[in-house]
Protein chains: 2
Amino acid sequence: MPPTVRRIPRPTAQRLSLYLREIQPLIAQGQPTISSRELGEKLGVSSAQVRKDLAWVVQSRQTGESGRSGVGYNCFKMNDSIRHVIGANRRWPTVLVGVGNIGRALLAYGGFAQDGFSIAAIFDANPRMEGKRVGGLAIQPTSALRKVIRTNRISIGILAVPRSAAQVVATQLCDAGIRGILNFAPMRIAVTEGVSVTNVDVSVALEQLSMDISIRDQLRLSAEGAA
Amino acid sequence: MPPTVRRIPRPTAQRLSLYLREIQPLIAQGQPTISSRELGEKLGVSSAQVRKDLAWVVQSRQTGESGRSGVGYNCFKMNDSIRHVIGANRRWPTVLVGVGNIGRALLAYGGFAQDGFSIAAIFDANPRMEGKRVGGLAIQPTSALRKVIRTNRISIGILAVPRSAAQVVATQLCDAGIRGILNFAPMRIAVTEGVSVTNVDVSVALEQLSMDISIRDQLRLSAEGAA
DNA sequence: GAATGTGAAAATATTCACAGCG
DNA sequence: CGCTGTGAATATTTTCACATTC
């Protein structure tokens with residue numbers, strides 16, 4: 001029996017993305033190393049946490065090297081290792097469905113190209129959009145989804161359509177054999193077993209924020225009451 | 001010494017937003033109640049989890065009523081209670097800074113109005129945008145931020161500017177006395193002590209998704225290997 | 001019977017704290 | 001020294017399981 005493959009803890013996975021982002025400027029400006037304390041302070045995370053997370057990365061790669069005592073972590077190596085674990089050193093061609101404001105914002109941004117993500121084809125359900133070129137790509141009808149996804153072995157679909165169309169398109173994506181969906185529609189979508197979904201939801205984010213603010217208010221009040 | 005105010009567990013806070021979203025259609029179509037099991041299944045959460053979360057809501061409101069044994073939870077009451085805890089029954093006027101694609105998408109969406117969030121004023125650093133009307137609001141220069149935020153007692157700022165402008169605007173918002181920032185710029189922003197930040201980051205979301213897919217792949221492979 | 005509400009148990013995640021390296 | 005790597009201790013979160021209510 002092989003040693004059970006330890007799955008990456010959810011919170012660690014999330015933080016790895018943040019570490020990655022944080023060291024990009026350091027690499028750009030040639031800073032050779034960073035300590036767990038420094039990196040942690042930037043992100044409001046304990047140094048022990050950072051070390052545990054990075055230790056996990058090393059273990060999962062089964063290479064025995066990582067940070068150096070008394071010095072810190074090599075930014076370049078860290079970058080490499082994290083990308084390896086995250087899968088950001090693979091190519092991840094995606095399809096974008098829905099060329100409205102959000103879709104255009106994504107096409108215009110392109111900042112995730114360095115993580116291997118690219119938009120390979122764009123689609124819109126509105127027939128009047130068909131053929132129009134946006135960001136160098138011609139808009140295709142959703143009927144072409146299946147073929148494009150199959151022939152290009154695309155594993156990620158970006159769903160940027162209005163709520164009303166979201167489930168229909170999600171089902172089309174699943175049927176076409178997509179592996180994961182990044183969902184911008186403000187609703188839960190049902191997907192085929194085995195398809196991953198990540199939601200980007202502004203309402204949820206706003207609610208999270210307002211909760212934080214409310215909690216701060218309460219703490220402030222009770223602190224004043226105690227003083 | 002008063003009973004220590006128990007803070008809401010982070011994961012619970014996140015799920016409450018999801019419950020809220022999930023019961024909106026039920027309320028709209030007049031379904032009177034829902035069981036913890038049903039609600040949990042919709043979201044991939046255990047029924048015990050749902051009950052614990054909702055029990056927390058009740059406790060924090062200090063009203064003794066919630067679900068009914070053998071029946072389930074009253075959708076209408078649940079809606080009310082969760083909104084109360086989240087703060088979604090307050091008014092949350094916001095300012096939007098940055099009227100690019102993301103800003104326009106937010107202005108066009110407006111689906112968070114029912115949670116009390118509204119965009120009260122819009123700003124852009126580009127002077128050529130000044131005065132242009134989008135979504136019924138005239139674009140103001142960022143120099144007006146301070147005054148608008150103060151006079152309208154606005155607590156949330158939505159930061160939808162390019163990365164290069166993000167820190168400058170974030171600082172302006174903080175100086176103007178903002179309480180929380182919803183940050184769409186793909187970077188960590190530094191803020192004044194006491195200001196909450198929630199990030200909406202597409203790269204992080206994509207990386208999360210690709211990790212999920214990779215993990216699924218590994219599991220599949222090892223399962224096939226074992227079979 | 002069908003469901004809630006909740007202590008107690010289990011699983012996860014974080015922090016502590018320190019041996020050991022460079 | 002300063003800093004990593006990591007077991008052990010803590011804290012948090014989830015699940016179990018069951019008495020209780022409708």
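First the proteins, then the strands, lettered A, B, ... as listed; each starts at 1.
- The closest donor-acceptor contact from the side chain of A:Q14 to the backbone of B:Q208 lies at 3.5 Å or more, if one exists at all.
- Contact annotation: B:S46 side-chain N/O to D:dT14 OP1/OP2 distance is not under 4.0 Å.
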Could you check B:R37 against B:E41 for salt bridge (charged side-chain N to carboxylate O under 4.0 Å, His left out), going step by step and ending with a plain yes or no? CA-CA 6 Å; B:R37 185 182 46 72; B:E41 272 171 9; 3.7 Å; yes
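- Between A:A55 and A:V71, the one whose closest nucleotide on DNA chain D sits nearer the 5' end is A:V71.
- Side-chain proximity of A:A48 to D:dT14, C:dT15, C:dT4: nearest is C:dT15.
- For C:dG22, the base has no donor-acceptor partner in the side chain of A:R68 [N/O atoms by modelled type, under 3.5 angstrom].
- Classified by interplanar angle (parallel below 30°, tilted 30° to 60°, perpendicular above 60°), the ring pair B:F117/B:W92 is parallel.
- Regarding B:I34, its CD1 atom lies at a distance of 11 Å from the P atom of C:dA3, rounded to whole Å.
- Counting only N and O atoms by type, the side chains of B:R51 and B:S47 include a donor and acceptor under 3.5 Å apart.
- Of the side-chain N and O atoms in A:R51, none sit less than 4.0 angstrom from OP1 or OP2 of C:dC16.
- Residue side chain B:K52 reaches the base of D:dT15 through a donor-acceptor N/O pair under 3.5 Å, judged by distance alone.
- Residue A:R37 places its side chain closer to D:dC3 than to any other of C:dT6, D:dC3, C:dA17.
- Put simply, B:S36 has a side-chain N or O that comes within less than 4.0 Å of OP1 or OP2 on C:dT4.
- Looking at heavy-atom distances under 4.0 Å, A:G70 makes contact with a base.
- Checking the phosphate oxygens (OP1, OP2) of D:dT13, no side-chain nitrogen or oxygen of B:Q49 falls inside 4.0 Å.
- Between C:dA2 and B:Y73, no contact under 4.0 Å exists linking OP1 or OP2 to a side-chain N or O.
- The side chain of B:S66 has C:dG5 as its nearest neighbour among C:dG5, D:dG2, D:dT6.
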